[in-house]
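Naming convention: chains lettered A, B, ... in sequence-line order (proteins, then strands); numbering from 1 in each chain.
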Amino acid sequence: MNSFEQEIASALEATGTFTADAALKLLSVPPDTTHGNFTIPCFSLAKTMRKAPKIIAEELAAQVKLPSGLSKVEAVNGYLNFFIDRGFLAKSTLDEVSAKGLEYGHAASNGKTVCIDFSSPNIGKELAFHHLRSTMIGNSLSRIYKAAGYKVERINHLGDWGTAFGKLIVMYLRENRPTDQETLDSLTVKELNILYASFSKISKENPGMEDEARAAFTKLEQGDEFYRKLWLAFRAATLKELMRIYDMMGVGFDHYTGESFFEDKIPAILDELREKNLMIKSQDLDVVMLDEFDLNPCLIRKSDGSTLYATRDLAAACYRKAEYNFDKCLYVVDLGQALHFKQVFHVLKKMGREWYKDMYHIPFGVILQMVDGKWEKGKTRTGTASLLRDVIDAAQKKILEFIDAKNPELENKELIAREIGISALTFNDLKNDRVKDVRFDWDAVMSFEGDTGPYVQNAHVRLCSILKKAGYTAALADVDYAQLTDDAAYELIKVLAKKGGKILAACEQDQPSVLAQYALEIAETAHKFIHEDRVLGSAEEKSRLFLVQCAQVVLENVLDLLGLFPIRQM
RNA sequence: GCGGAUGUAGCCCAACUGGAUAGAGCGUUUGGCUACGAACCAAAAGGCUCCAGGUUCGAGUCCUGGCACCCGCACCA
């Protein structure tokens with residue numbers, strides 16, 4: 001598609017009206033197919049040329065020499081519209097899809113590295129539904145960046161360090177639980193989550209417990225062996241369940257470097273801050289002032305000397321730069337933490353790390369839950385958040401009912417039901433602008449009709465089904481492109497041709513929703529094509545079958561980039 | 001109070017980054033399976049794009065000021 005734009009631009013340059021660059025800047029895609037494939041609005045030229053836009057467009061239409069592959073140019077109400085020749089588009093697109101396969105539309109390696117920090121849940125708590133957002137947005141972004149030519153480091157910055165562990169330790173000991181290794185090995189996250197919740201509850205009436213927890217964490221941080229044994233057990237128990245769910249969702253990481261990993265890398269950061277006179281005492285704790293950026297101070301150390309969130313993020317950022325030499329470092333974390341990241345990035349700036357400008361917070365809206373008639377941010381602590389595994393189980397169960405009603409003979413139906421369910425939840429999270437808040441409501445989440453994951457997967461399944469039924473593979477040489485110029489085929493081909501541009505746009509904007517909306521476009525045009533153009537047994541069978549093959553490959557890869565399961569049967 | 005995000009059809013959202021008649025889905029009404037998968041396709045109804053100004057050939061999109069809702073703001077992460 002890019003080359004069409006280039007060619008139109010140079011053809012326009014040849015008319016002497018403007019430069020190719022200026023033409024490219026004006027060139028856009030009209031909203032309606034009847035206005036062609038590309039358009040130049042001539043309104044902005046009116047002033048300098050001292051002519052009506054309508055006349056300019058008409059003169060250009062008469063002067064411009066049509067590049068090959070374009071069938072028509074026309075002037076309408078001040079717009080100069082270009083039409084691509086349908087057969088030419090079919091040939092150029094399908095040739096390339098068949099040559100590149102699943103990687104059609106991917107960019108060549110750009111030699112750059114991107115670190116993506118995502119999911120990063122807290123140890124000791126069960127995954128709540130809202131963790132799906134960071135996990136699936138990050139998972140999709142890491143696939144998209146790879147397709148856009150980057151080397152990707154997927155990092156799970158586990159919340160495995162901090163006062164929360166002081167709380168768990170205090171609560172565990174308060175309940176007099178056995179601390180022999182065997183008991184510790186058999187701990188589950190569920191128990192830890194309950195422990196955590198009861199701490200919140202009990203500490204409300206016993207204010208001293210918060211201090212106790214802080215003291216316990218300080219002791220842990222200072223290397224107390226018994227506390228460390230407990231901490232390790234809590235961590236292992238959570239990680240086990242975490243891995244089970246990631247595995248189920250098809251999500252993987254290159255590094256599980258949690259906060260505790262940076263424990264021994266913090267002193268160097270503190271030394272540097274002190275050396276550069278950036279750290280001062282304020283209200284009995286160590287902070288870096290950020291007045292010059294209109295930001296609140298960044299808290300580095302508590303009054304008892306133990307570290308905070310920001311401290312560990314500073315150490316992590318420096319470690320990542322040294323270890324991976326990233327060109328970009330992304331943090332897929334909810335919008336509520338925008339201030340925190342601004343603070344951390346600006347401290348890096350003050351430390352003289354020029355690469356602070358390569359750090360990006362990729363925010364997303366929070367999941368709101370109805371609590372006492374009001375929408376609020378759900379909290380694992382107070383138990384108002386729904387658990388991820390409960391939501392997945394419910395989705396799987398509901399999909400299984402669909403399958404039992406429509407295709408009861410399906411093999412592996414439990415697994416497929418789960419894959420459809422997880423994909424549906426994922427798609428629901430990815431299809432809209434990241435930054436919008438999501439109001440969690442069981443009926444909405446469990447609705448699988450219309451613009452949903454199952455709709456997109458169903459399109460893929462139908463394409464696969466035709467391929468299977470055909471029993472052979474159509475060859476490029478058998479295709480008569482003139483047989484693919486009817487509206488349904490043309491619209492589908494036009495959509496397939498957009499893949500590369502969509503991947504780049506999704507990458508530039510850090511927006512998986514660009515690809516999710518694109519997946520809907522593919523599914524819609526594919527459903528329509530299948531519906532209107534009979535493939536098997538038709539006079540155009542081989543040409544149409546080839547188009548089905550191409551559409552299937554494109555859709556499969558787009559599903560994969562979104563982190564959805566590209567299932568072949570449902 | 002200060003800062004950030006959002007506001008588009010009854011509901012949930014798009015709108016290719018300033019372009020042509022603002023588009024889908026859900027819900028409502030209606031038509032289409034002896035059919036390559038109907039988890040589909042097609043049609044109808046539904047709009048002062050929160051309000052008030054401004055910028056220009058042109059604004060849902062940019063600027064200013066309000067309003068509503070959500071989220072942050074010193075020892076949680």
Side-chain angles (χ1 to χ4, degrees), chain A residues 26 28-32 35 39 41 43-44 46-47 52-53 76-79 81 120-122 159 161-164 167 210 213-214 259 282-287 294-304 306 308-310 312-313 333-340 342 363 365-366 368 374-377 381 399 402-403 405-407 420 428 431-433 435-439 441 444 447-452 454-455 457-459 461-470 498 501-502 505 509 513-514 517 520-521 524 527-528 530-538 544-545 548 569-570:
Chain A
L26 285 174
S28 61
V29 179
D32 189 334
H35 294 124
T39 189
F43 308 98
S44 58
K47 215 172 237 172
V76 183
N77 295 329
Y79 290 90
N81 296 334
S120 308
N122 291 328
W161 204 238
T163 312
K167 294 183 182 177
E210 293 279 351
R214 274 193 280 275
E259 295 190 277
S282 169
Q283 294 179 25
D284 210 25
L285 61 166
D286 294 315
V287 305
D294 266 331
L295 293 170
N296 292 340
C298 182
L299 275 47
I300 303 293
R301 279 209 305 181
K302 298 194 256 185
S303 45
D304 66 2
S306 57
L308 283 151
Y309 185 31
R312 301 190 281 268
D313 262 352
V333 182
D334 81 79
L335 187 59
Q337 296 187 46
L339 177 60
H340 163 75
K342 257 189 204 162
V366 294
L368 302 175
K374 265 192 80 180
W375 289 103
E376 297 182 352
K377 199 173 163 183
R381 206 179 315 166
I399 299 284
F402 271 82
I403 293 176
K406 292 169 198 241
N407 191 6
I420 296 172
N428 187 50
K431 88 174 162 187
N432 299 137
D433 189 339
V435 93
K436 299 211 182 208
D437 286 348
V438 177
R439 296 185 168 186
D441 144 40
S447 150
F448 303 129
E449 274 157 35
D451 284 353
T452 61
Y455 174 81
Q457 284 174 314
N458 182 38
V461 164
R462 289 179 73 190
L463 294 169
C464 288
S465 181
I466 293 175
L467 298 180
K468 194 175 165 194
K469 199 152 266 183
K498 290 198 271 192
K502 293 291 180 184
Q509 300 166 37
S513 67
V514 170
Q517 296 290 338
L520 284 173
E521 257 188 274
E524 196 182 317
H527 274 308
K528 199 163 179 174
I530 292 171
H531 189 258
E532 291 188 5
D533 289 359
R534 173 86 202 175
V535 178
L536 302 180
S538 70
R544 287 179 177 172
L545 187 62
V548 169
Q569 280 178 48
M570 65 196 280

Q. Is there a Watson-Crick or G-U wobble partner for B/rA74 with both distances under 3.5 Å, and which nucleotide is it?
A. none

Q: Both distances under 3.5 Å, Watson-Crick or G-U wobble: report the partner of B/rG65, or none.
A: B/rC51

Could I get the full list of side chain to side chain contact (heavy atoms under 4.5 Å, CB included) partners for [X], not counting sequence neighbours?
{"X": "A/A164", "result": "A/Y196"}
{"X": "A/N77", "result": "none"}
{"X": "A/D334", "result": "A/Q337, A/F364, A/V366, A/K377"}
{"X": "A/A338", "result": "A/H361"}

Side chain to side chain donor-acceptor pair (under 3.5 Å) with [X]: which residues, sequence neighbours excluded?
{"X": "A/E524", "value": "none"}
{"X": "A/D294", "value": "none"}
{"X": "A/T452", "value": "none"}
{"X": "A/D304", "value": "A/T218, A/S306"}

Listing time: all N or O pairs from protein to nucleotides 67-71 of chain B that are below 3.5 Å?
| from | atom 1 | to | atom 2 | distance (Å) |
| --- | --- | --- | --- | --- |
| B/rC70 | O2' | A/D437 | OD2 | 3.2 |
| B/rC71 | OP1 | A/K377 | N | 3.4 |

Q: Check if the side chain of A/N81 and the base of B/rA20 share a donor-acceptor pair of N or O atoms closer than 3.5 Å.
A: yes

Q. Checking only heavy atoms, does the side chain of A/S303 share a donor-acceptor pair with the base of B/rC75 at less than 3.5 Å?
A. yes

Q: Give a yes or no answer on whether the side chain of A/Q569 reaches the backbone of A/V461 with a donor-acceptor pair at less than 3.5 Å.
A: no

Q.
Whether A/R312 contacts B/rA77 is assessed here as follows: a side-chain N or O lying under 4.0 Å from the phosphate OP1 or OP2. Is that the case?
A. yes

(Q) What does the B/S/- profile of nucleotides 58-63 of chain B look like, 5' to 3', with a 4.0 Å heavy-atom cutoff to protein? (A) ------

(Q) Return a single string for nucleotides 24-36 of chain B, one symbol per nucleotide in 5' to 3' order, where B is base contact, S is sugar-phosphate-only contact and - is none, cutoff 4.0 angstrom on heavy atoms. (A) SSS-----B---B

Q: Compare the aromatic ring of A/F448 with the six-membered base ring of B/rA39 and state whether they stack according to the 5.5 Å and 30° rule.
A: no

Given [options], which nucleotide is nearest the side-chain atoms of [X]?
{"X": "A/Q509", "options": "B/rU17, B/rC76, B/rG7", "answer": "B/rU17"}
{"X": "A/L299", "options": "B/rA20, B/rA74, B/rC16", "answer": "B/rA74"}
{"X": "A/K302", "options": "B/rA42, B/rG37, B/rC75", "answer": "B/rC75"}
{"X": "A/Q569", "options": "B/rA14, B/rC40, B/rG37", "answer": "B/rG37"}

Q: With P as the reference atom in both, quote the distance from B/rG7 to B/rG18 in angstrom, rounded to an integer.
A: 16 Å

Q: Could I get the full list of ring-ring contact (aromatic ring centres under 6.0 Å, His included) partners for A/H35, not counting sequence neighbours?
A: none

Q: May I ask you to say what A/N458 touches in the nucleic acid, namely base, sugar-phosphate or nothing, with a heavy-atom cut-off under 4.0 Å?
A: sugar-phosphate

